[in-house]
Chemist: 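I'd like to ask some things about the structure below.
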Amino acid sequence: MKNYDYKQIEKKWQDKWEESGIFHAENKSEKPGFYALVEFPYPSGQGLHVGHPRSYTALDIISRKRRKQGYNVLYPMGWDAFGLPTENFAIKNHIHPEIVTANNIARFKEQLKSLGFSFDWSREINTTDPEYYKWTQWIFLKLLEKGLAYKKEMAVNWCTSCKCVLANEEVVGGVCERCGSEVVRKVKSQWMLKITEYAQRLIDDLDEVDYIERVKIQQKNWIGRSTGAQVNFNSTAGDIITIYTTRPDTLFGATYMVISPEHPLIDKWADKLSNIDDIMAYREEACRKSDFERAEVAKDKTGVCLKGVEAINPVNGKQIPIFVSDYVLMSYGTGAIMAVPAHDTRDYEFAKTFNLPIIEVVAGGDIEKEAFTDCETGVMVNSDFLTGLSVEDAKVKIIDWLKEKDIGFEKVNYKLRDWVFSRQRYWGEPIPVVFCEKCGCVPIPESELPLKLPMVDSYEPTDTGESPLAKIDSFVNTTCPCCGGPAKRETDTMPQWAGSSWYFLRYTDPNNSEVLASKEALDYWTPVNWYNGGMEHTTLHLLYSRFWHKFLYDIGVVPTKEPYARRTSHGMILGENGEKMSKSRGNVVNPDDVVNDYGADTMRMYEMFIGDFEKSAPWSTNSIKGCRRFIDRVWGLQDIVVDGDTYSKALEKTIHRTIKKVGEDIEDMKFNTAIAAMMALINEIDKVKSLNKADFKALLSMLNPFAPHITEELWETMGFEGFCSLADFPTYDEAMCKDDELEIPVQINGKLRSRIVIPNGADQATALDIAKKDEKIAYELSNGTVVKEIYIPNKLVNIVIKK
RNA sequence: GCGGGCGUGGCGGAAUUGGCAGACGCGCUAGACUUAGGAUCUAGUGUCAACGACGUGGGGGUUCAAGUCCCUUCGCCCGCACCA
């Protein structure tokens, strides 16, 4: 036996796979297609994280198994390469982001290749490649054409020190993530995408896809659908105030009203309000606060009562005061609420603070102590024609009443907001529109795509918060495609989420220059059969890409409503100390070191053996050794192999059972128990000390998806034909998975007293007969009378006796 | 506060979904081979007052039978955060 020289072996097979192109997917094939997808990485300067291979190995195992089962498999890889870290690195080190990106990609690619993934590298894509982002821009133009992209003045996070717009994720604890300075709100004109238009379909179509439940739940919560009513309140000023409520049944309990500080009626009523200065001061204070601060001071309710205008409750004509308070948001509902302190916790707190009346309209709680918000058990009181009804019935009746009087109607609201699509940054896709003095905002013609990022030396953020592109005159100044007159280009770029919202479509036809992917390719490959990724992308990437896909479906570009048929999620790999891996904690494990010290096969085995795939798990250097020992033992088996075309008698049952277990566990992503089963098989082989070629062949083939290099090498050594990677996944015979005889426990009164051997499938009479002949059981039975006899076929016998 | 999840040996984790708790691996103990062992092999390894009893965060319940179902309670992790 040669030494197990994993470095030489792994390099050898990686080269062979590349030369032979056996992992290339065919766009036309007699075989059924299978499209496996993992989230493509952001090629950061740190290189690959040990977390990346967890997901990649899992779907590599599934892809490799599918190939062995006769599928034409597409398992692609690419680079989500636009983004801030690269840009910041470029600024700091005076290297162009394009070069930084190219370097990072080269490193990532080398690392991924060293792990032996069966990616189809011929379909590699890169979101920063103009031939790729041409189509990202094209999709934007289509969204614009259909009215789903629009510009809006809105408040953004502004770092006073960096003089730069920050994404919400970059604001930590109310201050700038990078410099720690104060972050304020600043109103800027931003591109928005109308994802809200798709809110209902994004909920409904979850029924059609196979996503793990927590992903569905998280998406639904994020979209946040609620059913209620929109109601018009008259005011003493004569203006209508429109409110949204999920509890129209409590209308009789509305004792005051609250509008958001930004509400336009305040400006309209300025003359009528005697305390307008106080109100304006309150508004200014609220505007100055970041979202974070507004949420932070949630405990203490603040506000100002409007002096001079009151609202009129439509159900009883009572005049009620109007307050302005920052707990009402302009961005949700109508920016105004009716306050029912008896039945809403926030209103209750506010009413207590400002000493406002609290009227109970749903009986069942104790409103002296707290708001009663239960909708299930309460009965309506103090509510005229609603009194006596259940909450549910009252809702129906009041909505009918509102409709009849033409002052309100049933209304559905969503928490989901439109997607802020502008970034004032250099390293992103330029938004392909120009602004003409005559024609206004004009999209550039499709024939001019891609609109390339200009190559420049300086891309530092500007003092004004405009995109770095704004400083580049040669880029900004252009002519209007409409009238030919002078025009200025949009200088904002797209967010990183843009390129990743449709990348899976491009893999099906990555070099197409006519369309984003051909109809044939999309028909054959989409939807993605199996998509695995992180939970952290559930509400951003996953939702955004579903939205884009639905839009592309609507305009006839893609053939399916949903992009991904199945979505699974992996847990995080933590540092050895159980904390999240990070440089500052000093617990980062470099995958290169692991591959170097133990080999790619061991690394892959360990990442799959580490624990439940869906849960997070701490890294353990000691446990890696266990996987390496397993690999070494597999290597050692070549010495004891003897000829034999069928499974050896001593092992055949274990082999059938292991094939079954491994195959099923892969489908359920229970990789840890699949590996445990193969370890158990090896323990068995060691025990019987014999192995023939057929046994070994089956073991190698089922182990191949996990540890592809060593299995290819042994496959060749043993003289088996072709690539192990393409050899059939072994099949099992259900009948051979069963034993002729089984040992089952016998309990007396639920306590284990003995074990007996019964024929497989024995009936109750047989099993009990054997049990009663057992010495220990016979002794127990002699001490009492039998009350009940239970036999679970092939599982256990339990005899209940009375002493 | 709301939503989701978790709690099993010294550690990572198994348990056919109500049927022998602790598979598999790590670690540990003893032995073998060794100049050597952080290599390899063999045996052992939940706890205890040990032919038995106890044991899946705590308490209660349903059942012939509970890690698994129900009630209650404690603790931890993740996401969202005044969404009317």
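Values below: every heavy atom of this structure, side chains too, minus hydrogens, waters and symmetry copies. Below, chain A is the first sequence line, B the second, and so on; all start at residue 1.
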Chemist: Partners of A:Y348 by ring pair (Phe, Tyr, Trp, His ring centres under 6.0 Å), sequence neighbours excluded?
Modeler: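 Applying ring pair (Phe, Tyr, Trp, His ring centres under 6.0 Å) to A:Y348 gives none.
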
Chemist: Starting at the 5' end of RNA chain B, which residue's closest nucleotide do you reach first, A:D347 or A:E743?
Modeler: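 Here A:E743 is the residue nearer the 5' end.
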
Chemist: Does B:rC80 have a Watson-Crick or wobble mate here (both distances under 3.5 Å), and if so which one?
Modeler: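 Paired with B:rC80, as far as the under-3.5 Å criterion goes, is B:rG1.
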
Chemist: What residues form a salt bridge (charged side-chain N to carboxylate O under 4.0 Å, His left out) with A:K776, not counting sequence neighbours?
Modeler: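 For A:K776, no residue satisfies salt bridge (charged side-chain N to carboxylate O under 4.0 Å, His left out) once neighbours in sequence are set aside.
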
Chemist: Any salt bridge (charged side-chain N to carboxylate O under 4.0 Å, His left out) involving residues 743-754 of chain A? Give me the pairs, sequence neighbours left out, ordered by first then second residue.
Modeler: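 Listed by first then second residue: A:R753-A:E780.
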
Chemist: With both distances kept under 3.5 Å, what pairs with B:rU62, Watson-Crick or G-U wobble?
Modeler: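 B:rU62 is unpaired by these criteria.
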
Chemist: Under 4.0 Å between any heavy atoms, over every strand shown, what does A:S620 touch: base, sugar-phosphate, or nothing? Just pick one.
Modeler: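 Touches nothing.
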
Chemist: Taking salt bridge (charged side-chain N to carboxylate O under 4.0 Å, His left out) as the definition, give me every residue that meets it alongside A:K687, ordered by chain and number, with sequence neighbours left out.
Modeler: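 With neighbours one apart ignored, the set is empty.
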
Chemist: Go through the structure and list residues passing side-chain contact (heavy atoms from CB on, under 4.5 Å) with A:A336, not counting sequence neighbours.
Modeler: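 So A:A336 forms a side-chain contact (heavy atoms from CB on, under 4.5 Å) with A:I241, A:I243, A:I259, A:H263, A:T334.
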
Chemist: Mind calculating the distance between CE (A:M605) and P (B:rC26) to the nearest angstrom?
Modeler: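 Interatomic distance, CE of A:M605 to P of B:rC26: 12 Å.
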
Chemist: Going by the side chain to side chain donor-acceptor pair (under 3.5 Å) test, which pairs reach into residues 759-770 of chain A, not counting sequence neighbours?
Modeler: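 Only A:N760-A:N794, A:D763-A:T766, A:D769-A:K773 qualify under side chain to side chain donor-acceptor pair (under 3.5 Å).
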
Chemist: Could you check how far NZ of A:K220 sits from P of B:rG4, rounded to whole Å?
Modeler: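 Atom NZ in A:K220 sits about 12 Å away from atom P in B:rG4.
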
Chemist: Could you run down nucleotides 64-72 of chain B 5' to 3' and tag each one B, S or - for protein heavy-atom contact under 4.0 Å?
Modeler: B--------

Chemist: Below 3.5 Å is the cut-off: list the nitrogen or oxygen pairs between protein and nucleotides 40-45 of chain B, distance only.
Modeler:
| residue | atom | partner | partner atom | Å |
| --- | --- | --- | --- | --- |
| B:rU40 | OP1 | A:R629 | NE | 3.4 |

Chemist: Which donor-acceptor pairs under 3.5 Å do the side chains of residues 533-541 of chain A make with protein atoms, sequence neighbours left out?
Modeler:
| residue | atom | partner | partner atom | Å |
| --- | --- | --- | --- | --- |
| A:H537 | ND1 | A:E39 | OE1 | 2.9 |
| A:H537 | ND1 | A:E39 | OE2 | 3.4 |
| A:T538 | OG1 | A:M535 | O | 2.7 |
| A:H541 | ND1 | A:S500 | O | 3.4 |
| A:H541 | NE2 | A:Y531 | OH | 2.7 |

Chemist: Can you sort out the partners of A:D686 under salt bridge (charged side-chain N to carboxylate O under 4.0 Å, His left out), two or more places apart, ordered by chain and number?
Modeler: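 Counting only residues at least two positions away or on another chain, A:D686 forms a salt bridge (charged side-chain N to carboxylate O under 4.0 Å, His left out) with A:R633.
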
Chemist: Taking the six-membered ring for Trp, are the ring centroids of A:Y606 and A:Y598 within less than 6.0 Å of each other?
Modeler: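 Not close enough - the centres of the two rings lie 6.0 Å or further apart.
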
Chemist: Need the pair for B:rA43. Rule: Watson-Crick or G-U wobble, both distances under 3.5 Å, any strand; none if unpaired.
Modeler: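 Per the H-bond distance test, B:rU29.
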
Chemist: Tell me the partner of B:rC6, counting only Watson-Crick (N1-N3 plus N6-O4 or O6-N4) or G-U wobble (N1-O2 and O6-N3) with both under 3.5 Å; none if nothing fits.
Modeler: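 When the pairing criteria are applied, B:rG75 turns out to be the nucleotide that pairs with B:rC6.
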
Chemist: For A:S226, which contact category applies under a 4.0 Å heavy-atom criterion: base, sugar-phosphate, or nothing?
Modeler: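 The answer is sugar-phosphate, as A:S226 gets under 4.0 Å only of primed atoms, P, OP1 or OP2.
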
Chemist: Will you find, in the side chains of A:E349 and A:Y327, an N or O donor that is under 3.5 Å from an N or O acceptor?
Modeler: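 Looking only at side-chain atoms, A:Y327 and A:E349 do not form any donor-acceptor pair under 3.5 Å.
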
Chemist: For B:rU16, what is the paired nucleotide under Watson-Crick or G-U wobble rules, both distances under 3.5 Å?
Modeler: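 The answer is none; no pair meets the criterion.
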
Chemist: For a salt bridge (charged side-chain N to carboxylate O under 4.0 Å, His left out) check, start with the C-alpha distance between A:K772 and A:E789, then their side-chain angles and the critical distance, and finish with the verdict.
Modeler: CA-CA 11 Å; A:K772 284 172 186 171; A:E789 294 171 332; 2.7 Å; yes

Chemist: Sort me out a list of protein N/O and nucleotides 8-17 of chain B N/O pairs below 3.5 Å, or just none if empty.
Modeler:
| residue | atom | partner | partner atom | Å |
| --- | --- | --- | --- | --- |
| B:rG12 | O2' | A:I610 | O | 2.7 |
| B:rA14 | OP1 | A:N672 | ND2 | 3.1 |
| B:rA15 | OP1 | A:K670 | NZ | 3.2 |

Chemist: Could you note down all residue pairs passing ring pair (Phe, Tyr, Trp, His ring centres under 6.0 Å) where residues 654-677 of chain A supplies at least one of them, sequence neighbours left out?
Modeler: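 Listed once each, the pairs are A:F613-A:F671, A:Y647-A:H656.
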
Chemist: Using whole Å, what does the distance between atom P of nucleotide B:rA84 and atom CZ of A:F233 come to?
Modeler: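 Value for this atom pair: 16 Å.
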
Chemist: Would you mind telling me which residue lines up with the more 5' stretch of RNA chain B, A:K625 or A:M338, judged by nearest nucleotide?
Modeler: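 Going by which nucleotide is closer to the 5' end, it is A:K625.
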
Chemist: What contact category does A:R753 fall into here, base, sugar-phosphate, or nothing, at under 4.0 angstrom with non-hydrogen atoms?
Modeler: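 Here A:R753 touches the backbone only, sparing every base.
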
Chemist: Suppose we define a pair by two distances each less than 3.5 Å, Watson-Crick or G-U wobble; what does B:rU68 pair with here?
Modeler: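 For B:rU68, the partner nucleotide comes out as none, under the 3.5 Å rule.
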
